[in-house]
Amino acid sequence: MNEQEVSRLDLLRFLERVQERDLARTRTWIATEEQRRATAAARRPPPPPPDYVLEAGIGQERRPVAVHQGFCRPSDVRSRAINADEARRLIAADTDLACQFCRPDTALGLL
């Protein structure tokens, strides 16, 4: 090998070390930011449950299956928050939609 090739190889190895150090520093910044976000999220209180929740069925039409008070059903893909007027309208149209455990119909004064 001649002197020029060794010199070029040394430069490339130096560049590699610099880039590895930069990558390590960037990963430290990412870890610090993730920790900061996790700490901030832990301090934030969870949102209050909605007043009422509509549980939809499975399938394309996703017809209403049940109306719950907000504390009764956890949020999932087939549930969405609704207001008292919509809950009242749905239960008035079909009394079987009222959850048998949390009794939203009683809370709404429909019974």
Open item on the list: Tell me if the CD1 atom of I58 is crowded by more than 12 foreign heavy atoms within 6.0 Å.
Closed with: no

Task: Spacing of R44 atom CZ and T39 atom OG1 [to the nearest 0.5 Å] - done: 11.0 Å

TODO: Heavy atoms only: give me the nearest G70-V53 pair and the separation to one decimal.
DONE: CA-CG2, 3.9 Å

Task: Separation between CZ of R103 and SG of C72, rounded to the nearest 0.5 Å - done: 11.0 Å

- [ ] Measure across V65 and A56 and return the closest heavy-atom pair with its distance rounded to 0.1 Å.
- [x] CG2-C, 3.6 Å

Task: Closest approach of L110 to A92 (non-hydrogen atoms, all atoms of both residues) - done: CD1-N, 4.4 Å

Open item on the list: Working to the nearest 0.5 angstrom, can you tell me the gap between T106 OG1 and Q69 CD?
Closed with: 8.5 Å

Open item on the list: Hydrophobic cluster membership, with links at side-chain heavy-atom distances under 4.5 Å among I/L/V/M/F/W/Y: are L54 and L108 in one?
Closed with: yes

Task: Within 6.0 Å of CZ in R62, more than 12 heavy atoms from elsewhere - done: yes

Task: Lys/Arg N to Asp/Glu carboxylate O, R17 vs E20, below 4.0 Å - done: no

- [ ] Could you tell me the separation between the CZ atom of R89 and the CG atom of L97, rounded to the nearest 0.5 Å?
- [x] 10.5 Å

Open item on the list: If I take atom CZ from residue R88 and atom CG from residue N83, how far apart are they, to the nearest 0.5 angstrom?
Closed with: 9.0 Å

- [ ] Taking only Lys NZ, Arg NE, NH1 and NH2, and the carboxylate oxygens of Asp or Glu, determine whether R80 and E86 approach each other closer than 4.0 Å.
- [x] yes

Open item on the list: Closer than 4.0 angstrom, basic N to acidic O: yes or no for R25 and D22?
Closed with: yes

Task: From CG (D85) to CG (L90), nearest 0.5 Å - done: 11.0 Å

Open item on the list: If you count every heavy atom of other residues, nucleotides or ligands that lies below 6.0 Å from E61 atom CD, does the total exceed 12?
Closed with: no

- [ ] Report the C-alpha separation of E34 and R27 in whole Å, then their side-chain angles, then the decisive distance to 0.1 Å, and conclude whether the salt bridge (charged side-chain N to carboxylate O under 4.0 Å, His left out) test is met.
- [x] CA-CA 10 Å; E34 287 173 342; R27 287 181 173 153; over 6 Å; no

Open item on the list: When you measure from the side chain of T32 to the backbone of T28, do you find a donor-acceptor pair of N or O atoms at a distance under 3.5 Å?
Closed with: yes

- [ ] Could you please spell out the steps behind the salt bridge (charged side-chain N to carboxylate O under 4.0 Å, His left out) verdict for E16 and R13?
- [x] CA-CA 5 Å; E16 180 182 38; R13 290 215 168 115; 5.2 Å; no

TODO: Kindly give the heavy-atom pair with the smallest separation between C102 and H68, and that separation in Å.
DONE: SG-CA, 3.7 Å

